[in-house]
Amino acid sequence: MTGVPASAAGGSSGARRAAAGAAAAASTAAPGKVAGTAAARSADGGAPGTGPGASSGDRHGGTARAAAADEAGPGEDAGLDAQDDGKTPRGAKIAAAAVNQASVWNIANLLTMLRLVLVPAFVALMLADGGYDPAWRSLAWAAFAIAMITDLFDGHLARTYNLVTDFGKIADPIADKAIMGAALICLSALGDLPWWVTGIILGRELGVTLLRFWVIRYGVIPASRGGKLKTLTQGVAVGMYVLALTGWLATLRWWVMAAAVVLTVVTGLDYVKQAIVLRRQGIAERKAALEEKEA
């Protein structure tokens with residue numbers, strides 16, 4: 001009798017049988033899976049023979065990653081490796097780009113399309129029955145008002161909800177200038193507004209557009225508060241001229257249009273100044289960069 005309890009002896013023989021079974025399972029395992037498991041254990045400090053000081057979290061983490069590597073295919077292995085390295089998998093980047101690409105048929109672009117459709121409708125209503133019928137002029141004002149109101153929302157919606165598209169970038173300014181230009185030309189053609197007022201407003205808009213293209217390689221001229229106030233004043237003034245107003249309201253619209261013309265000229269000159277400064281800064285920065293590169 002050695003004095004060893006039967007339970008201990010049974011436990012020792014059970015351990016030997018478990019070890020033999022583990023060795024047999026390891027011999028039949030795929031080489032790639034064994035390598036993946038070994039690599040995961042090695043990375044987490046959970047290799048065979050790990051000392052008692054290793055934390056249980058490290059051992060469990062190594063086992064979980066090894067199991068994920070065993071069950072993943074070649075492409076999934078690459079994704080797991082990229083996640084372990086702190087990088088975004090290539091497939092995830094492509095999926096994110098697809099999600100971020102806004103559809104052309106979003107609410108912001110639909111509002112812009114509505115403004116484009118309202119331009120010929122406004123002209124037809126404005127010139128109906130000779131252009132002097134108060135009822136038709138009221139309908140024309142309604143079309144103009146809807147176009148101006150949607151102009152306030154489409155850009156805001158596009159920026160807020162990430163609905164900016166190439167179509168919107170091109171169509172939005174065209175729709176803005178089309179509805180305003182149509183209204184001014186109709187009013188001047190009917191004799192309600194002097195042609196020089198129409199010339200100043202449309203000339204300023206065309207000039208600012210050309211200035212933006214002139215300095216686009218050096219930067220973007222931001223919209224100023226004066227420009228936004230100018231747009232609002234122009235919209236109110238033109239809307240008042242579209243309506244068949246009389247009496248003191250007719251006098252009031254003259255002063256509103258005068259304020260709009262002044263803001264048009266002042267903000268236009270400010271855009272010219274900003275364009276010149278931006279171009280000079282851009283040329284100076286490029287020159288400095290070339291000199292630094294040559295040095």
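Side-chain atoms of Trp136 and Met126, non-hydrogen and from C-beta on, never get closer than 4.5 Å to each other. Side-chain contact check for Cys186 versus Val123: some heavy-atom pair is nearer than 4.5 Å. Side-chain atoms of Tyr271 and Arg212, non-hydrogen and from C-beta on, do get closer than 4.5 Å to each other. Inter-residue side-chain proximity for Arg286 and Ile283 is flagged as unmet; no heavy-atom pair is nearer than 4.5 Å. Residues Gln234 and Leu184 form no side-chain contact, since every pair of their non-hydrogen atoms from C-beta on lies 4.5 Å or further apart. Side-chain atoms of Trp214 and Leu210, non-hydrogen and from C-beta on, never get closer than 4.5 Å to each other. Between Trp195 and Ile185 there is a side-chain heavy-atom pair separated by less than 4.5 Å. When side chains are defined from C-beta on, Ile107 does not count as touching Tyr161, because their heavy atoms never get closer than 4.5 Å.
Atom CD1 of residue Ile201 and atom OG1 of residue Thr264 lie 5.0 Å apart, to the nearest 0.5 angstrom. Atoms OG1 and CG, from Thr233 and Leu263 in turn, are 5.0 Å apart once rounded to the nearest 0.5 Å. For the atom pair CG of Leu252 and CG of Leu245, the computed distance is 9.0 Å after rounding to the nearest 0.5 Å. Distance check, rounded to the nearest 0.5 Å: CD1 of Ile146 to CG of Leu114 gives 7.0 Å. To the nearest 0.5 Å, atom CG of residue Leu116 and atom CD1 of residue Ile174 are 7.5 Å apart. Between the CG atom in Leu157 and the CG atom in Asn109 there is a gap of 10.5 Å [rounded to 0.5 Å].
Looking only at distances, a side-chain donor or acceptor of Thr150 sits under 3.5 Å from a matching main-chain atom of Ala147. Side chain of Tyr132 to main chain of Leu190: a donor-acceptor pair is present (N/O by atom type, distance under 3.5 Å, no hydrogens or angles). Using modelled atom types, no side-chain atom of Arg217 and backbone atom of Gly282 make a donor-acceptor pair closer than 3.5 Å. A donor-acceptor pair is defined here as one N or O able to donate and one able to accept, closer than 3.5 Å; such a pair exists between the side chain of Arg137 and the backbone of Tyr241. Panel note: side chain Thr112, backbone Asp172; no donor-acceptor pair is recorded below 3.5 Å. Formation of a donor-acceptor pair under 3.5 Å by the Asp192 side chain with backbone atoms of Leu187 is not found in this model.
Within a 6.0 Å sphere centred on NZ of Lys228, heavy atoms belonging to other residues, nucleotides or ligands number 12 at most.
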ask   = Can you check side-chain contact (heavy atoms from CB on, under 4.5 Å) on Tyr218 and Arg280, steps first, answer last?
value = CA-CA 9 Å; Tyr218 306 109; Arg280 287 179 178 176; over 6 Å; no
task = Walk me through it: do Arg115 and Asp176 pass the test side-chain contact (heavy atoms from CB on, under 4.5 Å)?
result = CA-CA 8 Å; Arg115 290 212 313 281; Asp176 297 343; 2.5 Å; yes
task = Show your working on side chain to side chain donor-acceptor pair (under 3.5 Å) between Asn106 and Thr165 and close with a plain yes or no.
result = CA-CA 9 Å; Asn106 60 62; Thr165 62; 4.7 Å; no
request  = Please report the C-alpha distance between Phe167 and Met113 in whole Å, then the side-chain angles of each, then the deciding distance to 0.1 Å, and finally whether the side-chain contact (heavy atoms from CB on, under 4.5 Å) criterion is met.
outcome  = CA-CA 10 Å; Phe167 172 81; Met113 295 176 194; 3.7 Å; yes
query = Would Val236 and Arg253 count as a side-chain contact (heavy atoms from CB on, under 4.5 Å) if you check the C-alpha gap in whole Å, the side-chain angles of each, and the deciding distance to 0.1 Å?
reply = CA-CA 8 Å; Val236 173; Arg253 71 182 182 182; over 6 Å; no
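Shown here for Val238 and Met180, the closest heavy-atom pair between the two residues is CG2-SD, 3.7 Å. Closest approach of Met240 and Leu249 over heavy atoms only: CE-O, 3.9 Å. Closest approach of Phe144 to Ala183, counting heavy atoms only: CE1-CB, 3.9 Å. Of all heavy-atom pairs spanning Gly227 and Thr267, the tightest one is N-CG2, 3.8 Å. Between Ala178 and Val119, the closest heavy-atom pair is CB-CG2, 3.9 Å. Taking both residues in full, the closest heavy atoms of Gly168 and Pro173 are given as O-CD, 4.1 Å, listed atom of the first, atom of the second, then distance.
By the criterion of side-chain heavy atoms lying less than 4.5 angstrom apart, applied directly or through intervening Ile, Leu, Val, Met, Phe, Trp or Tyr residues, Leu229 is not grouped with Leu152; the two fall into different hydrophobic clusters. No continuous path of ILVMFWY side-chain contacts below 4.5 Å connects Leu269 to Val266, so the two sit in separate hydrophobic clusters. Using a 4.5 Å cut-off between side-chain heavy atoms of Ile, Leu, Val, Met, Phe, Trp and Tyr, with links allowed through other members, Ile179 and Val242 fall into the same hydrophobic cluster. Hydrophobic clustering keeps Val117 apart from Phe153 (ILVMFWY residues linked when any side-chain heavy atoms are closer than 4.5 Å, directly or through intermediates). Under the 4.5 Å side-chain contact rule for hydrophobic residues, Val256 and Val265 share a cluster.
Between Glu205 and Lys230 there is a salt bridge, since a side-chain N of the basic residue sits under 4.0 Å from a carboxylate O of the acidic one.
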